[in-house]
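The residues of the chain are indexed from 1 along the displayed sequence. Just so it is clear, the structure is predicted and the values come from calculations on it, not from any experiment.
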Amino acid sequence: MTTPDTPQAHGVRIDAQPGHATITLDGTTLPTGQVTGYTLQHAVHEALPTLLLHTRQPEGVLWEGLARVAVAVDQSPGDLVAAFLAEVDPVLLDQEALNRADYGGGQGATARAMLATLTEWARGAQDGA
């Protein structure tokens, strides 16, 4: 699949009710159940809004989609956390946690220090991976 050099605009219609949405791109209605959610974002200074469609089918989906259209695969919070933790260097985490200025010792101190360090890394304070 090739990606165009410049974003292409497509006609978009969203008819949404609680618990259900019918999404049409360039006059073609997407199959029921294929889209699990969507995000429509528009900054006033931009010419076109951006439509992000969340799909159950991460591969092999052809989207014909007036918005810039992107397709995303949802991940649960647990999946995101697990992926983050899988990239953490345990030796570096150990060093950083034990060298924290707020390391107070006592019961649970090492776990608290590691959790504080991981929280900072997750927020981008330092690359712990």
Side-chain angles (χ1 to χ4, degrees):
M1 180 171 172
T2 60
T3 303
D5 292 333
T6 57
Q8 295 180 355
H10 298 277
V12 177
R13 176 175 160 72
I14 300 172
D15 181 8
Q17 267 84 93
H20 176 74
T22 301
I23 300 173
T24 305
L25 299 177
D26 290 337
T28 302
T29 302
L30 300 178
T32 302
Q34 188 173 28
V35 176
T36 61
Y38 66 90
T39 304
L40 184 61
Q41 180 180 359
H42 187 213
V44 176
H45 66 278
E46 294 179 1
L48 295 173
T50 298
L51 175 63
L52 176 64
L53 299 173
H54 303 271
T55 177
R56 292 186 195 283
Q57 302 172 6
E59 296 181 28
V61 176
L62 174 62
W63 291 99
E64 293 183 36
L66 226 349
R68 286 174 288 199
V69 178
V71 179
V73 178
D74 282 337
Q75 287 187 309
S76 72
D79 291 336
L80 294 171
V81 171
F84 170 76
L85 292 175
E87 298 299 318
V88 170
D89 178 340
V91 174
L92 181 59
L93 174 60
D94 194 44
Q95 292 169 350
E96 292 289 321
L98 294 174
N99 291 325
R100 291 180 63 86
D102 61 354
Y103 185 82
Q107 191 172 15
T110 302
R112 274 193 306 278
M114 287 183 163
L115 290 170
T117 300
L118 289 169
T119 300
E120 290 172 359
W121 288 352
R123 291 185 175 141
Q126 180 178 345
D127 182 20

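Nearest heavy atom pair, residue Arg100 against residue Asp102, reads NE-OD1, 2.7 Å. Listed here is the closest heavy atom pair of Val88 and Pro90: O-CD, 3.2 Å.
Two residues are said to be in side-chain contact when any heavy atoms from C-beta on lie closer than 4.5 Å; Leu93 and Thr117 meet this criterion. Looking only at side-chain heavy atoms (C-beta outward), Phe84 and Asp79 stay at 4.5 Å or farther from each other. In this structure the side chain of Leu25 reaches within 4.5 angstrom of the side chain of Leu53, judged on heavy atoms.
The hydrophobic cluster containing Leu98, built from Ile/Leu/Val/Met/Phe/Trp/Tyr side-chain heavy atoms closer than 4.5 Å, also comprises Tyr103.
Connection of Leu40 to Leu30 is established within a shared hydrophobic cluster, with ILVMFWY side chains joined at heavy-atom distances below 4.5 Å, either directly or through further cluster members. Both Val81 and Met114 belong to a common hydrophobic cluster when Ile, Leu, Val, Met, Phe, Trp and Tyr are linked at side-chain heavy-atom distances under 4.5 angstrom.
Between the OG1 atom in Thr24 and the CG atom in Asp15 there is a gap of 8.0 Å [rounded to 0.5 Å]. Taken to the nearest 0.5 Å, the CD atom of Glu120 stands 8.5 Å off from the CZ atom of Arg123. Between Leu51 atom CG and His42 atom NE2 the span is 12.5 Å, to the nearest 0.5 Å. To the nearest 0.5 Å, atoms CD (Gln95) and CG (Asp89) are separated by 8.0 Å. Note that the CZ atom of Arg13 and the OG1 atom of Thr29 stand 9.0 Å from one another [nearest 0.5 Å].
Of the possible donor and acceptor atoms, one in the side chain of Asp26 sits under 3.5 Å from a partner among the backbone N and O of Gly11. Proximity of a side-chain donor or acceptor of Arg112 to a complementary backbone N or O of Gln107 within less than 3.5 Å is detected.
Evaluation of the side chain to side chain contact (heavy atoms under 4.5 Å, CB included) rule for Ala16 yields Ile14, Ala21, Tyr38 as partners, not counting sequence neighbours.
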